[in-house]
Amino acid sequence: MHAAALLAALSPLTALAGPGAYDQRERDWRNGAVVYQVIVDRFAPSANLDAKRALYPAPKRLRGWDEVPAAGVQLPEHKVNSAELDFWGGDLASTSAHLSHLRDLGADVLYLNPIHLAWTNHKYDALDYQAISPEYGTRADFKRLAAQAHGLGLKVVLDGVFNHMGRNAPIFQQALADPKSPYRNWFAIGPQYAGGARVWTGFQNHPELNLEHLPVRRHLWLDRDSVVRSYLRDGADGWRLDTAYELGPRFLREMTDAAHREKPGSLVVGEIVNWPDRWLQSHDAVMGFTLRLMLFDLARGQVSGGATGRRIDALVKRSGIEPTLRSWTLLDNHDLPRLHTEFPEVAPRRLLQALQFTLPGAPNLYYGVEVGMEGGPDPANRGPMRWDRVQAGHPELAWVRQLTALRREHRALRIGDHVALDGERLLAFLRHTDRPMDSRVVVANPTREPVKERLPVPDAWLMDGTPMVDVLNSAGGTPARFTLIAGLLEVEVPPQTVLVLQPRPEPMGGYDRYKRVP
């Protein structure tokens with residue numbers, strides 16, 4: 001019998017249908033990819049800012065790159081906060097000019113916050129999905145960016161805001177004013193709604209689209225020239241869906257199918273701030289808000305390592321390993337306080353980041369995390385990129401590069417299955433594939449004191465007496481080393497530290513315990 005087939009037949013760890021499934025996972029760019037998130041306005045200063053100043057008329061304000069976002073005031077006549085109208089002037093061309101930073105960092109995917117024509121700086125209030133905001137450029141500029149990204153080995157994911165548009169959208173204004181407008185049924189309009197139309201969670205600048213009206217869905221994703229399909233042809237490789245739970249499972253499935261028909265292997269990942277499992281029947285992946293809170297509870301000492309391991313195990317099992325590998329593991333983003341503000345101490349922050357890169361999923365890096373950018377709730381978390389910190393020797397930059405290299409070099413961390421190990425104070429899990437030497441045991445000690453525990457490692461092909469060596473913390477010294485005895489591994493983990501343990505059998509004069517193991 002072929003070795004891979006034998007493993008599939010014998011190993012209780014293997015949840016896959018047959019041989020070659022791990023190789024198939026590895027060929028799918030969506031699995032375990034490192035995603036780098038960019039707000040175009042804030043990522044890189046424009047090379048041609050003076051020529052663009054007319055694009056920011058009052059009440060919009062163009063800020064200097066050295067300024068930081070500050071809380072604004074409500075502008076009742078515009079139904080937005082003044083902070084939503086502060087701009088820093090980045091564009092698609094300046095983002096393109098800095099793509100090498102993503103490549104050097106070890107990222108696989110560029111994820112852009114909305115770029116379509118909109119009035120505010122965040123672009124979640126679309127005026128016209130098919131047009132790019134002129135502050136950012138044109139569809140031709142997007143095509144150039146996508147081509148340049150692909151040339152560097154990067155995929156591109158766009159942000160789709162399909163639950164609502166902006167109040168200033170011409171089609172909404174026409175629908176609101178004229179009961180006979182062809183766009184009247186694109187929205188829920190009537191006197192029962194404050195402001196005259198149903199809006200998203202009370203924000204008057206975000207009138208909701210009536211997705212039950214077929215022409216809306218045809219415009220957004222069904223027709224060949226729809227928003228979703230045309231941008232995929234322009235070079236996008238996938239869509240992140242804003243407030244995806246608002247779209248509902250039926251329309252999520254319809255949109256995902258349309259994207260896959262247009263570009264097989266494209267990604268549809270949803271902003272699902274719910275327990276994810278049933279939603280994963282409707283699209284490819286979710287953003288890991290549930291996992292994020294589990295990890296934060298662990299790092300803050302509110303939940304033990306063992307309990308966290310059981311929680312994560314339930315999450316992965318209920319979701320399924322395949323969707324989990326494609327789902328984005330985030331610690332911060334444009335809607336959340338930045339990681340360095342939530343966890344100013346180095347040790348718990350690095351524990352979280354190490355878990356972000358070793359648990360199954362696709363790590364989502366919010367621009368600037370690699371240089372320690374700070375920022376509380378919106379708008380403070382959306383400051384301009386600190387390029388002055390991108391320099392050799394920056395400790396956070398070196399750490400993130402170390403994590404991306406670890407993930408690139410260790411196959412199981414990218415595409416391996418997840419098995420929870422039975423720890424008490426320690427969070428411990430196994431990542432494995434169909435190759436015994438791929439197996440990695442990850443052990444995290446969230447406490448402020450050393451912890452020693454004996455952990456069962458239910459991987460039958462890992463042989464008795466196999467040394468297990470830490471590959472994460474070995475720089476500048478002798479790596480931690482433990483020995484697997486009868487399927488049990490006794491480890492001692494320093495405070496607030498993650499170990500990534502690799503089997504490293506030692507030569508015994510030609511004798512090899514692994515000689516007949518698949």
Side-chain angles (χ1 to χ4, degrees), residues 30 35 37 39 84 109 111-114 122-126 157-165 198-203 205-206 208-209 211 238-253 255-256 267-300 302-303 308 311-320 323-339 341-343 352 355-356 359-366 369 375-382:
R30 302 171 295 181
V35 180
Q37 178 183 354
I39 299 176
E84 297 177 74
V109 177
Y111 155 44
L112 299 175
N113 280 93
H122 51 70
K123 309 299 180 192
Y124 285 95
D125 57 332
V157 172
L158 295 179
D159 205 329
V161 191
F162 302 142
N163 176 70
H164 50 267
M165 294 188 73
R198 188 179 69 205
V199 298
W200 179 68
T201 63
F203 289 96
N205 191 38
H206 297 308
E208 287 199 319
L209 285 159
L211 297 179
W239 288 89
R240 176 266 189 190
L241 300 181
D242 181 61
T243 62
Y245 49 88
E246 301 274 8
L247 276 62
R250 172 192 161 198
F251 295 144
L252 281 175
R253 183 72 264 164
M255 196 218 112
T256 301
L267 173 68
V268 178
V269 56
E271 184 189 31
I272 300 291
V273 197
N274 304 342
W275 189 265
D277 56 354
R278 296 176 70 178
W279 291 96
L280 289 165
Q281 299 170 22
S282 301
H283 55 323
D284 299 319
V286 300
M287 301 182 70
F289 293 99
T290 303
L291 177 60
R292 172 182 174 270
L293 289 182
M294 289 178 178
L295 295 178
F296 278 23
D297 285 348
L298 174 77
R300 289 176 172 141
Q302 295 171 346
V303 180
T308 301
R311 290 179 173 190
I312 294 173
D313 187 48
L315 185 70
V316 174
K317 284 180 176 175
R318 295 276 306 194
S319 301
T324 298
L325 290 172
R326 295 188 290 265
S327 292
W328 291 2
T329 310
L330 74 155
L331 299 176
D332 56 3
N333 73 1
H334 62 289
D335 288 326
L336 301 166
R338 283 188 173 271
L339 180 65
T341 297
E342 288 272 23
F343 291 90
L352 285 165
L355 292 171
Q356 181 185 30
L359 284 163
N364 186 174
L365 300 174
Y366 185 37
V369 69
D378 177 21
N381 55 358
R382 302 182 185 186

How many angstroms lie between atom [atom1] of [X] and atom [atom2] of [Y], to the nearest 0.5 angstrom?
X      : Y      : atom1 : atom2 : result
Ile272 : Leu280 : CD1   : CG    : 8.0 Å
Glu246 : Leu241 : CD    : CG    : 12.5 Å
Leu339 : Leu331 : CG    : CG    : 5.5 Å
Asn163 : Glu208 : CG    : CD    : 4.5 Å
Leu247 : Leu209 : CG    : CG    : 9.0 Å
Asn113 : Lys123 : CG    : NZ    : 11.5 Å

Practice task
Report the residue from Leu291, Val35, Leu365 that forms a side-chain contact (heavy atoms from CB on, under 4.5 Å) with Trp328.
Solution key: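 The passing option is Val35.
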Practice task
Using the side-chain contact (heavy atoms from CB on, under 4.5 Å) rule, pick out the option among Leu252, Thr256, Val268 that qualifies with Ser282.
Solution key: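 One option only clears the test, and that one is Leu252.
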Practice task
Assess whether side chain to side chain contact (heavy atoms under 4.5 Å, CB included) is satisfied between Leu298 and Val303, documenting all intermediate values.
Solution key: CA-CA 5 Å; Leu298 174 77; Val303 180; 5.7 Å; no
Exercise for the section: Salt-bridge test for Arg240 and Asp242: reply yes if a basic N is under 4.0 Å from a carboxylate O, no otherwise. Expected result: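 Yes, this pair counts.
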Handout entry: Charged N-O contact under 4.0 Å between Asp297 and Arg311
Key =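 Answer for the salt bridge query: yes.
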Exercise for the section: Can you establish whether the number of heavy atoms outside Arg300 located under 6.0 Å from its atom CZ is more than 12? Expected result: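 More than 12 within 6.0 Å, yes.
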Shortest non-hydrogen contact from [X] toward [Y]:
X      : Y      : answer
Asn381 : Pro337 : ND2-N, 4.3 Å
Trp279 : Ala244 : CZ3-O, 4.4 Å
Pro114 : Val161 : CG-CG2, 3.7 Å
Gly288 : Leu330 : N-CD2, 3.3 Å
Pro360 : Leu325 : CB-CD2, 3.9 Å

[X] side-chain N/O to [Y] backbone N/O, donor-acceptor pair under 3.5 Å:
X      : Y      : result
Ser327 : Gly361 : no
Gln356 : Thr329 : yes
Glu271 : Thr243 : yes

Problem - Identified ring-ring contact (aromatic ring centres under 6.0 Å, His included) partner of Phe162 from the options Trp239, Phe251, Trp200 - result: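 Exactly one candidate clears the test, Trp239.
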Practice task
Assess whether side chain to side chain contact (heavy atoms under 4.5 Å, CB included) is satisfied between Trp275 and Val286, documenting all intermediate values.
Solution key: CA-CA 10 Å; Trp275 189 265; Val286 300; over 6 Å; no
Test item: [X] and [Y] side chains (from C-beta on) under 4.5 Å apart, heavy atoms:
X      : Y      : answer
Lys317 : Thr324 : no
His334 : Ile39  : yes
Asn274 : Phe289 : no

Handout entry: Residue pair Tyr124 / Asn205, side-chain donor-acceptor N/O under 3.5 Å
Key =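 There is no such pair (donor and acceptor under 3.5 Å, judged by atom type) between the side chains of Tyr124 and Asn205.
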Handout entry: Val269/Arg326 under side chain to side chain contact (heavy atoms under 4.5 Å, CB included): CA gap, chis, key distance, verdict
Key = CA-CA 8 Å; Val269 56; Arg326 295 188 290 265; over 6 Å; no
Handout entry: Stepwise side chain to side chain contact (heavy atoms under 4.5 Å, CB included) check, Met287 with Asn333
Key = CA-CA 11 Å; Met287 301 182 70; Asn333 73 1; 3.9 Å; yes
